[in-house]
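Accompanying notes for the structure given below.
FYI, side chains are in, hydrogens and waters are out, and symmetry mates aren't considered; it's all heavy atoms of this structure. Here is how names work: the chains are called A, B, and so on, in the same order as the sequence lines, proteins then strands, and each is numbered from 1.
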Amino acid sequence: MKVYMDYSATTPVKKEVLDAMIPFFTEQYGNPSSIYQMGQASKKAIDEARDKIAKTFNARQDEIYFTGCGSESDNWAIKGTAHALKHIGNHIITSSVEHHAVLHTCEYLEKQGFEITYLPVDSEGLVSLEDLKNAIKDTTILISIMYANNEIGTIQPIEEIGKIAKEKGILFHTDAVQAYGHIVIDTQALPVDMISVSAHKLYGPKGVGALYLRKGIKIHNLLHGGGQEKGRRAGTENIAGIVGFGKAAEMAYTDIEAHDKKLTTFRNDLTKRIMEAIPYTRLNGHKEKRLCNNVNISFQYVEGEGILLGLDMAGISASSGSACTSGSLDPSHVLLGIGLTHEIAHGSLRLTLGDMTTQEEIDYVVEKLPAIIQRLRDMSPLYEQVKEGNR
Amino acid sequence: MKVYMDYSATTPVKKEVLDAMIPFFTEQYGNPSSIYQMGQASKKAIDEARDKIAKTFNARQDEIYFTGCGSESDNWAIKGTAHALKHIGNHIITSSVEHHAVLHTCEYLEKQGFEITYLPVDSEGLVSLEDLKNAIKDTTILISIMYANNEIGTIQPIEEIGKIAKEKGILFHTDAVQAYGHIVIDTQALPVDMISVSAHKLYGPKGVGALYLRKGIKIHNLLHGGGQEKGRRAGTENIAGIVGFGKAAEMAYTDIEAHDKKLTTFRNDLTKRIMEAIPYTRLNGHKEKRLCNNVNISFQYVEGEGILLGLDMAGISASSGSACTSGSLDPSHVLLGIGLTHEIAHGSLRLTLGDMTTQEEIDYVVEKLPAIIQRLRDMSPLYEQVKEGNR
Amino acid sequence: MYSEKVMDHFTNPRNVGEIKDADAVGQVGNPKCGDIMKMYFKIENDTVKDVKFKTFGCGSAIASSSMATELIMGKTIDEALALSNKAVAEALDGLPAAKMHCSVLAEEAIKSAIYDYAQRNNKEYEGLKGYKPPTGDEDHHDLVEE
Amino acid sequence: MYSEKVMDHFTNPRNVGEIKDADAVGQVGNPKCGDIMKMYFKIENDTVKDVKFKTFGCGSAIASSSMATELIMGKTIDEALALSNKAVAEALDGLPAAKMHCSVLAEEAIKSAIYDYAQRNNKEYEGLKGYKPPTGDEDHHDLVEE
Ligand SMILES: Cc1ncc(COP(=O)(O)O)c(C=O)c1O
Ligand SMILES: Cc1ncc(COP(=O)(O)O)c(C=O)c1O
């Protein structure tokens, strides 16, 4: 049996989405900047996709800008704001558990003379509003806090953060790459100025992202060049990708309540049964303020990559916060950020669910996982100590 | 009859290219950063595409970095170099006829305190090597000159420019977005350090580009974040797009001599017959040092958009350097750059050929164009003056 | 990009041509901007008996000239002077924002021609109050906010 | 990512386990880095009679332990000490660059155990010259250039 449980890494493109994209490769390939009919047809297709995405945000068409990926959206929002407002101040507030697209961008700006505050999070991954308020200075020009965490699924108090930012007249960006498609983000109600999203997290194609940029907000461009995207993002438009993104976003929000309900049930079932079946485990992230599709559990005394290989051999695709899978030496900064020791962070497993997930798949994972963990524990010198009562 | 003659704006995706891409949307959708089999399959597909593109440049695999478009490659090369070398100098040399992705990037850097020299070009669009040598200063850190011009097709003396740059120890970037797929670019023979290319100009998909970055050259990242592209370009990889790019590049270079020969013949035939059929015309760009697919002619006393609309009604897709089609007020900076008056620049028509171009199409355009021009001239108060001998 | 009306007036422009013994001629725009509009009038009893145009410019410039001449044909001079660029654009079922200046040009070509008529015949019209003839250098593109 | 050999040794590791009355025990790595390797030896006449391992670590750490124990089983102590990390990696048909440190760990676990043996039995071996037992804090990841 093949079980994909890594929807937060990326999703398959839905058939309807691919079908919508196909004509724009070989037939309707006109450049949207061209005035002839085929070019104008491309332009129209982009406008319609923009409209669909704007609708999901309850936003205006002209507040949506297409980019090449979620990372580009993050880079653009943060660097664009930093450079546009550096005459006002050089201080940016973010959190210690952001995606690298935010963190490394902030670190880069730090080297360019900006000052960055990385807010800590509590053991469930939440930033504290008090900490945020205390961090704000006269020189603060931007707050960038992710909507929901990609590893542990914790959902931040975006509305409250937005209110604080608004009160202080500070721009607020949120990386909603993981939240988009799971949570209703209503820009009429939510005081946020910029939102990053990415198509491949909600059954759209890889290589397309978007930035919601509230009307009237002026940030510098990241990609300079042609007049595409009303002069704010250069580069010939990825029409097929954009059309696919529009379709995918529309589908994701067509019945988001049902989606949420289904995945929440699966998530809770999966979590509960794994925790019951396997000792020495820990659920990472917040119990309730959590993405409906995210399960993240640490298994003590084993290392995550081994779990993933074992799962892969059983046909199950998943991910881990282990250093070994990231190519870096340290385990996930998110897991360390919520206070896990290195050892426990190394033994984490993330299972993320999606629209194609079935009860059968959940059952299969619950069936296979205990033996995989047990086998690794039996090989582990740390577990040996536990059995000997030395741990 | 439908005739597409705007291949320099963008190309259709070839069937073989799309076929290669399709599996990576709905089936082989794994994230290449993931260690399970489906992720590793994606990684392998990207490596293979990288290999194919490296081969076309006679380069190493690890000198090719994928981006989101040609504009991103240009922005990255120029800003990345500027920021990496600003402790050495702040002077950049480019030309006045670059694509906006280069020009506007340079203009942005100018505002950030860099000094830019925009080399003029002669009446055929060539930069002068003497001008270049004279422009070089102790503070010069980068020369960025396009390989071939997107409007008038003029091919710059890249080898000679590269030699000058190398002698002086200055990095050399070339925007080869238009040259790629028409000209053999051998990085073993050519002293260039960075090359920007884009898939959608050679029958690959829109939304994928690449930067050739000579081994050992260190420039700053433009997109910070995850460890993709060996940590140099963040963002989940556009696998389908990258695979398509690889396939398209491979196909483009499989028999580039035949491609060149066929299009050169078409180009010369088309040019000659239009110039013979229609008076008051001017061929823009260099006669020989010219892209094999580019025809650019100014028709005096008429405005380009009208020509395009007329052609469109006859089923012919083309482009113009007229202000009206660019959305800006001035006509093409390239046409002004080669010394055309505004009036003549407004009346330019670019016909660019491609792999699907046929002799029948050439004949059709030659048949239709004269009447379209004549109709507009008959409406033109400027042409009236000509007939009256007042011009 | 363009409405069907615009395309129709571009393809089959009404009133193209010259009037050799015109009572008034007006020309606005300049080749630098890529638009020149020239209008020729036959006027009788302060009424537009005939009007023809020649235009160097984009599709919407040609369509605007055509529509504007059609709208004022047979109208009184005061009515012709009252024609606004918005009315031209609306009659064309709208113009893209970046093309609104073409409709402005049409309005101005009419004013310029009637100004010529007024000058030749020593007349004064309410609609020309404060009107300054174009020098040929102004950038009409700036007149309309996108 | 991994060769078939690595996957084979990960899936069916040879010589996993403990030896209760081992003549020598060596442990290297630390949980912070996500790798700990522990090896148990039975030694007779300066020959490896038996060797077993336990490893907390990624797939290549487990495979490296398995392969290393297999390579030294029955060998003399001098031969065991001569086993390089490269030899382990090669026997596995290669390891990804970022995983070479796992083979280093295996080499070190052997050295560490034999050092223990030498200490217990007051012996000296050529292959241990200059060897310093690990303190548990070093970052073995740095040992190999990627
Ligand atoms: C010379 C040149 N450079 C850069 C670009 C930008 O490429 P892209 O549209 O893929 O960003 C283009 C084409 O649009 C081009 O012709
Ligand atoms: C929270 C978060 N932000 C940003 C990104 C980057 O998105 P992309 O891979 O499309 O650049 C991701 C996913 O990779 C993510 O999970």
Side-chain angles (χ1 to χ4, degrees), chain A residues 4 6 9-13 15 18 25-27 29-31 33-39 67-72 74-75 99-101 104-105 107-108 198 200 205-208 221-227 234-241 305 308-309 311-312 317-319 325-328, chain B residues 4 6 9-13 15 18 25-27 29-31 33-39 67-72 74-75 99-101 104-105 107-108 198 200 205-208 221-227 234-241 305 308-309 311-312 317-319 325-328:
Chain A
Y4 186 71
D6 204 14
T10 193
T11 57
V13 172
K15 194 188 166 305
L18 182 59
F25 290 113
T26 53
E27 293 159 33
Y29 53 85
N31 192 316
S33 305
S34 307
I35 68 164
Y36 40 79
Q37 285 173 36
M38 193 166 58
T67 65
C69 56
S71 300
E72 186 190 325
D74 284 337
N75 274 260
H99 189 269
H100 282 146
H104 290 168
T105 298
E107 287 158 14
Y108 182 70
S198 186
H200 74 96
K206 294 170 179 65
V208 206
N221 286 3
L222 182 68
L223 296 193
H224 293 86
T236 300
E237 298 88 340
N238 178 354
I239 308 166
E305 197 210 69
L308 298 191
L309 291 175
L311 287 170
D312 190 27
S317 296
S319 93
T325 68
S326 69
S328 84
Chain B
Y4 185 72
D6 204 13
T10 193
T11 58
V13 171
K15 193 189 168 305
L18 182 59
F25 290 113
T26 53
E27 294 159 33
Y29 54 85
N31 192 316
S33 305
S34 307
I35 68 163
Y36 41 80
Q37 285 173 37
M38 194 167 56
T67 65
C69 55
S71 300
E72 185 190 325
D74 284 338
N75 274 259
H99 188 269
H100 282 146
H104 289 168
T105 298
E107 286 159 13
Y108 182 71
S198 186
H200 74 97
K206 294 169 179 64
V208 206
N221 287 2
L222 182 69
L223 296 193
H224 292 86
T236 300
E237 297 89 339
N238 177 354
I239 307 166
E305 197 209 69
L308 298 189
L309 291 175
L311 287 170
D312 191 26
S317 297
S319 93
T325 68
S326 70
S328 85

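Listed options A234(A), G241(A), G226(A), G227(A) were ranked by heavy-atom pairs under 4.5 angstrom with chain B; first place goes to A234(A). If you tally non-hydrogen atom pairs under 4.5 Å between each of N31(B), D6(B), V13(B) and chain A, the highest count goes to V13(B). For the set E107(A), H200(A), E72(A), the count of heavy-atom pairs under 4.5 angstrom toward chain B peaks at H200(A). The candidate with the highest count of non-hydrogen atom pairs below 4.5 Å against chain A, out of G39(B), P12(B), G235(B), is P12(B). Counting heavy-atom pairs under 4.5 Å between each of G70(A), S71(A), G68(A) and chain B puts S71(A) at the top.
Proximity to chain B (any heavy atom under 4.5 Å) is restricted, for T11(A), to the backbone atoms N, CA, C and O. Neither the backbone nor the side chain of A240(A) comes within contact range of chain B, judged by heavy atoms closer than 4.5 Å. Of the two parts of T26(B), the backbone and the side chain both hold a non-hydrogen atom closer than 4.5 Å to a non-hydrogen atom of chain A. With a 4.5 angstrom heavy-atom cutoff, N75(B) touches chain A only via side-chain atoms. Contact of L311(B) with chain A is not made at all, since no heavy-atom distance falls under 4.5 Å. Heavy-atom distances place the side chain of L18(B), and not its backbone, under 4.5 Å from chain A.
Annotation: side chain of S198(B) is not in contact with side chain of T236(A) (no heavy-atom distance under 4.5 Å).
Side-chain atoms of H104(B) come within 3.5 Å of backbone atoms of G225(A) as a donor-acceptor pair (strictly under, hydrogens ignored).
Ring geometry for F25(B) versus F25(A): interplanar angle of 30 to 60°, hence tilted.
Of all heavy-atom pairs between S34(A) and A9(B), the closest is OG-CB, 4.4 Å. Shown here for Q37(B) and D312(A), the closest heavy-atom pair between the two residues is N-OD2, 3.0 Å. Contact record, C69(A) with L223(B): SG-CD1, 4.4 Å, taken as the closest heavy-atom pair. Of all heavy-atom pairs between E237(B) and K206(A), the closest is O-CD, 3.3 Å. Taking both residues in full, the closest heavy atoms of S317(A) and Y36(B) are given as OG-CD1, 3.4 Å, listed atom of the first, atom of the second, then distance.
Interatomic distance, L222(A) CG to L222(B) CG, rounded to the nearest 0.5 Å: 5.0 Å.
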